[in-house]
Amino acid sequence: MNDFYYITRVRIKRKTEEDPAYFGRGVADLLHGIEKYHSLNQAAKEMGMAYSKAWRIVGEAEQALGIPLIYRMRKNGSSLTKEGEKMLAAYEEAEHAAWKAVEEVMERYYGTE
């Protein structure tokens, strides 16, 4: 095993979207928090993020993807849409695959002999 730590960055958006916003790790973490707490506000608090910033980045990701990610149920909290669940699963799988690809390359070059 080599001595390196890997960081991969997966960013997803529609090909036709010119806005710099995208779906990335921060949005994925917020969606995981919504799954856990059923609240965007609580998910943001757990990440040390302002609620207004959480709203903004989720909205920007929805715009960049062209799909709704969460149901906003006012005082009853939030939940993921089916498309939100699907995008989160796809993102996690893609990020894992990217990390694995980097690990394999680094092992070829820097693995123990």
Side-chain angles (χ1 to χ4, degrees):
M1 194 57 117
N2 67 65
D3 293 330
F4 297 102
Y5 175 76
Y6 320 111
I7 299 172
T8 58
R9 301 270 190 243
V10 174
R11 297 176 177 166
I12 302 170
K13 64 192 249 177
R14 286 180 301 177
K15 289 180 181 180
T16 58
E17 184 61 43
E18 294 184 21
D19 189 308
Y22 56 85
F23 184 105
R25 173 51 38 206
V27 179
D29 289 345
L30 278 171
L31 296 189
H32 281 300
I34 291 169
E35 284 181 321
K36 183 175 182 178
Y37 302 110
H38 305 286
S39 166
L40 177 61
N41 189 22
Q42 187 61 39
K45 283 181 184 176
E46 290 296 317
M47 291 176 65
M49 181 185 297
Y51 180 61
S52 59
K53 181 177 180 179
W55 266 114
R56 181 178 53 79
I57 67 172
V58 168
E60 288 173 351
E62 289 177 328
Q63 176 69 33
L65 297 171
I67 59 174
L69 297 171
I70 63 174
Y71 290 116
R72 295 153 178 93
M73 300 179 293
R74 306 274 183 221
K75 292 185 180 189
N76 294 325
S78 299
S79 64
L80 301 188
T81 63
K82 290 292 181 197
E83 284 298 319
E85 291 173 357
K86 184 177 176 180
M87 181 56 68
L88 181 58
Y91 177 84
E92 293 295 351
E93 186 175 332
E95 187 178 63
H96 179 75
W99 181 85
K100 194 73 178 151
V102 170
E103 180 181 48
E104 289 171 5
V105 169
M106 294 302 290
E107 276 299 306
R108 275 199 320 270
Y109 284 89
Y110 292 99
T112 56
E113 291 140 9

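For reference, positions follow the sequence shown, starting with 1. Side chains included, hydrogens not; waters and symmetry mates left out as well; all remaining heavy atoms used.
Side-chain atoms of Glu46 and Gln42, non-hydrogen and from C-beta on, do get closer than 4.5 Å to each other. Side-chain atoms of Val10 and Tyr91, non-hydrogen and from C-beta on, do get closer than 4.5 Å to each other. The closest side-chain heavy-atom distance from Asp29 to Val27 is not below 4.5 Å. Counting only heavy atoms from C-beta outward, the side chains of Met106 and Val102 approach each other to under 4.5 Å. Counting heavy atoms from C-beta on, the side chains of Tyr51 and Leu40 come closer than 4.5 Å. Looking only at side-chain heavy atoms (C-beta outward), Phe23 and Lys13 stay at 4.5 Å or farther from each other. In this structure, the side chains of Leu65 and Glu83 stay at 4.5 Å or more apart for every pair of heavy atoms.
The number of heavy atoms from other shown groups lying within 6.0 Å of CG (Asp3) does not exceed 12. Residue Glu85 places its CD atom among more than 12 non-hydrogen atoms of other residues, nucleotides or ligands, all under 6.0 Å distant.
Cluster annotation: Met49 is connected to Trp55 through the hydrophobic network of ILVMFWY side chains, with a link wherever side-chain heavy atoms come within less than 4.5 Å. Under the 4.5 Å side-chain heavy-atom criterion for grouping Ile, Leu, Val, Met, Phe, Trp and Tyr, Tyr22 is not connected to Ile67 through any hydrophobic cluster. Neither Leu88 nor Tyr37 shares a network with the other; the hydrophobic side chains, linked directly or stepwise wherever heavy atoms of I, L, V, M, F, W or Y lie under 4.5 Å apart, form separate groups for each.
Each of Phe4, Tyr6, Tyr5 was evaluated against Tyr110; a single residue qualifies, Phe4, per the ring pair (Phe, Tyr, Trp, His ring centres under 6.0 Å) test.
Thr81 approaches Pro68 most closely through the heavy-atom pair OG1-O, 2.7 Å. The two residues Ser79 and Ile34 come nearest to each other via the heavy atoms CA-CG2, 3.8 Å. The two residues Leu69 and Ala61 come nearest to each other via the heavy atoms CD1-CB, 3.9 Å. The shortest heavy-atom contact between Ala44 and Ala54 is CB-CB, 3.7 Å.
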| request: Determine, stepwise, if the pair Glu60 / Asp19 fulfils side-chain contact (heavy atoms from CB on, under 4.5 Å). | output: CA-CA 9 Å; Glu60 288 173 351; Asp19 189 308; 5.9 Å; no
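Comment: Glu62 engages Arg72 in a salt bridge, judged by a side-chain N to carboxylate O separation of less than 4.0 angstrom. The pair Glu104-Arg108 fails the salt-bridge criterion, with no side-chain N (NZ, NE, NH1 or NH2) lying under 4.0 Å from an Asp/Glu carboxylate O. By the 4.0 Å N-to-carboxylate-O rule, Arg25 lies close enough to Glu92 to be salt-bridged with it.
Taking CE from Met47 and CG from Leu30, the interatomic distance works out to 4.5 Å, rounded to the nearest 0.5 Å. One finds the OG1 atom of Thr8 at 5.0 Å from the CD atom of Glu95 (value rounded to the nearest 0.5 Å). Taken from CD in Glu107 to NZ in Lys100, the straight-line distance is 9.0 Å, to the nearest 0.5 Å. If you take CG on Leu80 and NE2 on His38, they are separated by 9.5 Å, rounding to the nearest 0.5 Å.
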